[in-house]
Structures are given as C-alpha cells and as structure tokens.
Amino acid sequence: MSVVTRFAPSPTGYLHIGGARTALFNWLFARHHGGSFLLRIEDTDRKRSTPEAIQAILDGLKWLGLEWDAPPTYQSKRLERHAEVAYQLLADGNAYRCYATQDELEAMREQARKEGRPIKYDGRWRDRDPAEAPDDITPCIRIRMPQDGSTTLNDRVQGEVTVDNAQLDDMVILRQDGTPTYNLSVVVDDYDMGITDVIRGDDHLTNAFKQAKVYALLGWQAPAFAHIPLIHGPDGAKMSKRHGAVGVETYRDQGYLPEAMRNYLLRLGWGHGDLEIVSTEKAIELFDLDGVGKSAARFDFDKLDNFNGHYMRQADDTRLTDLVQERLEAELGRELTGDDRSRLLAGMDGLKQRAKTLRDLSESAQFYVQRPKQLTPKADKQLSDDARARLGKLAERLAEVSNWNQDLLESETRDFAEGLDLGLGKVAQPLRAALTGSTVSPGIFEVMEVLGRQETLARLRAAAEADDTGDTGTGDAD
RNA sequence: GUCCCCAUCGUCUAGUGGUUUAGGACACCGCUCUUUCAAGGCGGAGACCCGGGUUCGAAUCCCGGUGGGGACACCA
C-alpha cells in the first residue's frame, strides 16, 4: 500500500515552528516512500478559526517548499459525514446519549480532583435506561469505551506505550448541537482520506489511544502512529503560538532562507550519524522514523544562523539580489535603479560570504546603492586628517589607472602605501571607511571595482575634502 | 491530583554491552590565513542526572529516585 501522510493544523493562529517541523517530517516521509502528502484544515472550531490563519498556514507551507499533493480538505465541510458515523456508532450500541448538564460535569470533575481519581466522565448515562431521559435536555452522544484491561500502542517513535483503559474517557463524539468533536473527526477524516501514517506532535499521544478505540469500534484499520517530540522554547516549555507568536513568516522576515530552515528543522529531532548539512534531496533519500529521537529539543538561533549562512553562501547571486532588492527598496523607500541593481549583483558574491541572514546581507549591501549617510564610530576613527589627506592623494593616483579592475587597483594601492612606508592596512582601512562608511566590508578592491571609477573617486574626494569633525564628508555629491 | 513520555558537552546530536582516552555540529577560547569582517584550516575547554542491581564488562539492559515535558473539555 502506498504511503499517505497528512498535516492537519487547526487555523487558530499562524504556522508555528513545531507545526512546520511536523509538516516537514510528514512531507519527507511521504516523499521518501514515494507516497503522497495531504493537507487538512481542522477548522471545526468556528469561533477560533480564521481565514487569515488559514492563509498564513498555506503561505508558510509554500514558503517552506512543502507542496501538498491534493487540494486541502476542510474539516468543516465534512460535518455531516462525521455525524453519520456518530449515529452509526449509536445504532451499533457503541455510543449512547448523555443528558448530563454542564454543572453536573463540572461537579464531577471537581469531585474526582478532590478524591485523587482520574478526571473523567463517570459514565452515569452509559447504562441508564433511555426511558429515564429528561425531555427538557438535548443530549450529546458519548462513545462507549472499554473499562477494563489496557491498550498498547506500537508507536513508531515512542515504541510500545500502554495505558489502562480505566484512564480512557467516554468522550463526547457529537455535541448537543449535533457537531462532531475532534477525536471523532480525526478518525473519520484520516480513514476517508486513506491516511496510512499519522505523524504528529507528542502532545497527541494520549489522543492516539482514544482514536485507536474509535477505529476498533468502527471496525476500521487504524493507521500507524508516530508521535514526534515537541520543540521547546528557550524556557524549556512547549513552543506554541501561545508562547510568543513565532510564525514561520517571522523567520522569513528575519531573513532566513527556506532551505536553511528545512535543514535546521530536520536536524532538530532527527539525526543520521554525523550529518549536519543535508540537502532536501538527500533528506528525502535518508529520512526515516528510526532517526527521530524521543526527547524534546530546544530551538537554537545560533545554529539556525550558521545553517543560514551556509545556504546563503551557496545561493545563486541573482536570487539573493532579488531578495535584497526587495528589502532595500522597502528600507530606502525608493526603487532601485538599474545601476544599483547591477552593482548589487556584481558585489553579491563578496557580500554573501559575510552574512548570516538576508537582513545582514541587505544591511551590508546598502553602501552599494547609496553613499553612507553616517560613519560607524570605528570608521570615523580611521578617517583622521592625515588619513583623509592620504586618500586625496590616492584618489589622484587612481584616477590615472588605465583599467579599473581590482587587480590593478590593488597593485596601485600597494605601491602607494609602500611609497609612504606604510602597511597596506594603514591605507586600506581608511579607504574602506570612506567608501563604505564602515570598517567591515568585502575586499576593498572588489568594492572599488564594483563601485566603479567615478563613484569611487567621488567618495574618496569627498572624504579628502571633509575634515575630522565628524562630518561624514560623503554627503550627497550629486 | 491521575496517567503517559523523556534524560549524553551550554545547545542539537552520534553511540543500541566490550572497537570509547564517549565522536560530530553550533556557540565559546587560542593560533593560522589576511587590507577589515566573515568563511576556511589547526588546536583547546566542555557531557553519559543520581542510587541500586544484572553482567567478566554498562552511556548502552532492569528497578527506584530526582529533574523536565506532555495529556486529562460538548478546543483542536
């Protein structure tokens, strides 16, 4: 039988990092086995589900590159089928009507808590004669769970897990208003969708026992379960939308590449020997549930940064230029010119070697599209009066260069420094400060070449003419 | 409160009874390369939660403790 997995988020918030990883694992598992990966939106909680959240989840998955293989199933459109199954259970005697009121239920729970018993429905309508039913109360339907013995689940990640059936609740499957509840809907939908492998967060492990019973009562074959450990936040607690609203789009905005995110998420909870950098193709080839660990992992931005840096260095310059252009235009509040863009593209290779995120990248790229408005304190220090004077002389000399390329510029500059009996650094750093406004940049001769003869000389002359009073000397020259 | 799960460097992990002076990655600290910063190279510091067993031998198996996490709705 061909593998079918699904990702089934409830659209009550954005796609958070744990959900993203669950989706990734399901996707990888399906791809690895040549099966399909489906999406189901669990939007039956009408009060909390929003169209914005649905869109955010779809966008998040698309951004991550996790394409689903069929149009999404919307659970809210399947209510009738769920009810039908509930009535079937009722007809078969595997469910019953319950007339308990909310107040009664609350008192029941309170009592159980006090007596140290498991908090669950006490089954007061389980075997009661329907003739006793009060006619002023609309009943809900509860499933008849086994009371004795125990249930063992063979989870593909957690291994054998056993729970006493006494812990299992005669849960509501159809509410008073006739709508189904989660544990019924999931079973019916997974079954109807032909799901073979349910891979989801650890927090659903106890639900799996209830669901296993629903399958059994229905006489349906249950899928294989795999409950993966949750991702914890820095505080060590479950990372969820409630703990700080970290939707994947936030990571995108912070400048992470989807492939880096995928790789990082993969390594969070899954290992394969000493492998760290795993391309998506390789991940599809290698991924299996055996490699998934059993303990929760904490999210670590440093490592994500490291992966992101790796994938940025690897990334195509044109793609990065597109991404950076978008950001720069937003920051600068203007469209980039053709010249701006070709400088960015020409300088991208040098730039991307040094950045960890797209945010860093566009920040460090700024000087290619506009003269530095302000010097960093360290850069300002480089531009002493002496240094400025030297830059003026250097500018005169470079103006004579026959061919404006970095090799020639370098040898000219080295010559120049030697002539003054100075180390190259003594000239290069002020040069960097004047050209980029910073003490950190790609190789300075590369910068000169990308900037071009005219712009380089203009910036140098501006620096030479300014004094050491903190004036940037690089204001709008033209 | 009841039930379930987990436990190797700060973090992510490798390790499935001896091949281990416990390996790798990130972060950290040196050195190196060097026009700056990264990247790279080399080196360093850094962990098997505790206590009992089982065994000739335990990070690996068992039990207990401790710590952490999760689940206990007419939410999903």
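This one's a predicted model, so the numbers in the text were calculated from it and none came from an experiment. Chain letters run A, B, ... following the sequence lines, proteins first, then strands; residues in each count from 1.
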So which protein nitrogen or oxygen atoms get under 3.5 Å of nucleotides 58-64 of chain B's nitrogens or oxygens?
none

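- Between A:Asp169 atom CG and B:rC3 atom P there is a gap of 16 Å when expressed in whole angstrom units.
- Pairing of B:rU21, defined by two Watson-Crick or G-U wobble distances under 3.5 Å, is not identified with any nucleotide.
- Figure legend. B:rG1 is base-paired to B:rC72; pairs are counted as Watson-Crick or G-U wobble with both atom distances under 3.5 Å.
- For A:Asp421, the CG atom is loosely surrounded, since the number of other residues' heavy atoms within 6.0 Å does not exceed 12.
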Check residues 286-297 of chain A and write down every donor-acceptor pair under 3.5 Å in which the side-chain atom is one partner and the other belongs to a residue at least two apart or another chain.
unit_1	atom_1	unit_2	atom_2	d
A:Asp288	OD1	A:Asp290	N	3.3
A:Asp288	OD1	A:Gly291	N	2.9
A:Lys294	NZ	A:Gln158	O	3.4

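- Although no hydrogens or angles enter the test, the distance criterion places no donor-acceptor pair under 3.5 Å between the side chain of A:Ser10 and the main chain of A:Thr12.
- No contact: A:Phe307 has no heavy atom under 4.0 Å from any strand.
- Of the residues in residues 94-101 of chain A, those with a non-hydrogen atom less than 4.0 angstrom from any atom of RNA chain B are A:Ala100.
- A:Arg109 has a side-chain polar atom (N or O) that falls below the 4.0 Å cut-off from OP1 or OP2 of B:rC74.
- The side-chain contact (heavy atoms from CB on, under 4.5 Å) test applied to A:Gln429 returns A:Gln382, A:Arg432, A:Thr439, not counting sequence neighbours.
- Atom name P, nucleotides B:rU54 and B:rA22: the rounded distance is 25 Å, in whole Å.
- No contact: A:Glu115 has no heavy atom under 4.0 Å from any strand.
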Report, one pair per line, the protein and nucleotides 18-21 of chain B atoms (nitrogen or oxygen only) whose separation is under 3.5 Å.
none

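- A:Arg390 contributes no side-chain N or O that, together with a main-chain N or O of A:Lys393, makes up a donor-acceptor pair within less than 3.5 Å.
- Counting any heavy atom pair closer than 4.0 Å across all strands shown, A:Gln176 reaches a base atom.
- One atom, NZ of A:Lys120, and another, C1' of B:rG1, lie 15 Å apart when rounded to the nearest Å.
- A:Tyr311 pairs by the ring pair (Phe, Tyr, Trp, His ring centres under 6.0 Å) definition with nothing, not counting sequence neighbours.
- Nucleotides B:rG41 and B:rG24 have their P atoms positioned 13 Å apart, rounded to a whole Å.
- In this structure, A:Ser364 reaches neither bases nor backbone, as no heavy-atom distance under 4.0 Å exists between it and the strands shown.
- Between A:Ile228 and A:Thr22 the shortest side-chain heavy-atom distance falls below 4.5 Å.
- Contact record, A:Lys210 with A:Asn183: CD-ND2, 3.8 Å, taken as the closest heavy-atom pair.
- The base-pairing partner of B:rC9, taking Watson-Crick or G-U wobble contacts with both distances under 3.5 Å, does not exist among the strands shown.
- Nearest nucleotide to the side chain of A:Leu230, out of B:rC3, B:rG70, B:rA76: B:rG70.
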Which atom pairs link the protein and nucleotides 36-39 of chain B when you take only N or O atoms and keep those under 3.5 Å?
unit_1	atom_1	unit_2	atom_2	d
B:rU36	O4'	A:Gln429	OE1	3.0
B:rU36	O2'	A:Thr439	O	2.8
B:rU36	N1	A:Arg432	NH2	3.2
B:rU36	O2	A:Thr439	O	3.4
B:rU36	O2	A:Ser441	N	2.9
B:rU36	O2	A:Ser441	O	3.1
B:rU36	N3	A:Arg432	NH1	3.2
B:rU36	N3	A:Ser441	O	2.7
B:rU36	O4	A:Arg354	NH2	3.3
B:rU36	O4	A:Gly443	N	3.4
B:rC37	O2	A:Arg354	NE	2.7
B:rC37	N3	A:Arg354	NE	3.0
B:rC37	N3	A:Arg354	NH2	3.2
B:rA38	O2'	A:Gln353	O	3.2

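- Atom CG of A:Asp148 has 12 or fewer neighbouring heavy atoms from other residues, nucleotides or ligands inside a 6.0 Å radius.
- Within 4.0 Å of A:Ser438, counting heavy atoms only, lies no atom of the nucleic acid at all.
- Computed from coordinates, the A:Arg6 CZ to B:rA76 P distance equals 14 Å when rounded to whole Å.
- Here A:Ala208 pairs with A:Leu153, A:Arg200, A:Phe225, A:His227 under the side-chain contact (heavy atoms from CB on, under 4.5 Å) rule; sequence neighbours left out.
- Put simply, CG on A:Asp190 is 13 Å from C1' on B:rA76, counting in whole angstrom units.
- Here the side chain of A:Ile119 is nearest to one of B:rU35, B:rG1, B:rC74, namely B:rG1.
- The separation between A:Ile137 atom CD1 and B:rC74 atom P is 15 Å, rounded to whole Å.
- Using modelled atom types, one side-chain atom of A:Arg262 and one backbone atom of A:Leu64 make a donor-acceptor pair closer than 3.5 Å.
- A:Leu205 comes within 4.0 angstrom of the backbone, heavy atoms only, and of no base.
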Between N or O atoms, less than 3.5 Å apart, protein on one side and nucleotides 6-14 of chain B on the other: list the pairs.
unit_1	atom_1	unit_2	atom_2	d
B:rC6	OP1	A:Lys294	NZ	2.6
B:rC12	OP1	A:Arg298	N	3.0
B:rC12	O2'	A:Arg267	O	2.9
B:rC12	O2	A:Lys303	NZ	3.4
B:rU13	OP1	A:Gly269	N	2.7

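- Between the side chain of A:Asp122 and the backbone N or O of A:Arg124 there is at least one donor-acceptor pair closer than 3.5 Å.
- In this structure, the ring pair (Phe, Tyr, Trp, His ring centres under 6.0 Å) partners of A:His204, at least two apart in sequence or on a different chain, are A:Tyr182.
- Applying the side-chain contact (heavy atoms from CB on, under 4.5 Å) criterion to A:Ser411, with sequence neighbours excluded, gives A:Leu408.
- When the options A:Asp190, A:Asp197, A:Asn26 are evaluated for a side-chain hydrogen bond (donor to acceptor under 3.5 Å, both in side chains) with A:Arg6, the one that passes is A:Asp190.
- Distance CG (A:Leu184) to C1' (B:rA76): 13 Å, rounded to an integer number of Å.
- Side-chain atoms of A:Arg78 and A:Ser185 include no donor-acceptor pair closer than 3.5 Å.
- Contacts of A:Leu275 with the nucleic acid, taken as non-hydrogen atoms under 4.0 Å apart, are absent.
- Relative to the side chain of A:Asn207, the nucleotides B:rA76, B:rG69, B:rU2 differ in distance, and B:rA76 lies closest.
- Taking the ring centroids of A:Phe37 and A:Phe29, they lie at or beyond the 6.0 Å cut-off.
- The CD1 atom of A:Ile119 sits 4.0 Å away from the CZ atom of A:Arg113 when rounded to the nearest 0.5 Å.
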* Per-nucleotide protein contact string for nucleotides 44-49 of chain B, where B marks a base within reach and S marks sugar-phosphate only (heavy atoms under 4.0 Å, - for neither) -> ------

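- Summarising the base pairing, B:rA39 is matched to no nucleotide, lacking a Watson-Crick or G-U wobble pair whose two defining distances lie under 3.5 Å.
- Within the 4.5 Å cutoff, the side chain of A:Leu89 has heavy atoms near those of the A:Leu184 side chain.
- Test A:Pro139, A:Pro180, A:Cys140 against A:Leu174 for side chain to side chain contact (heavy atoms under 4.5 Å, CB included) and you get one pass: A:Pro180.
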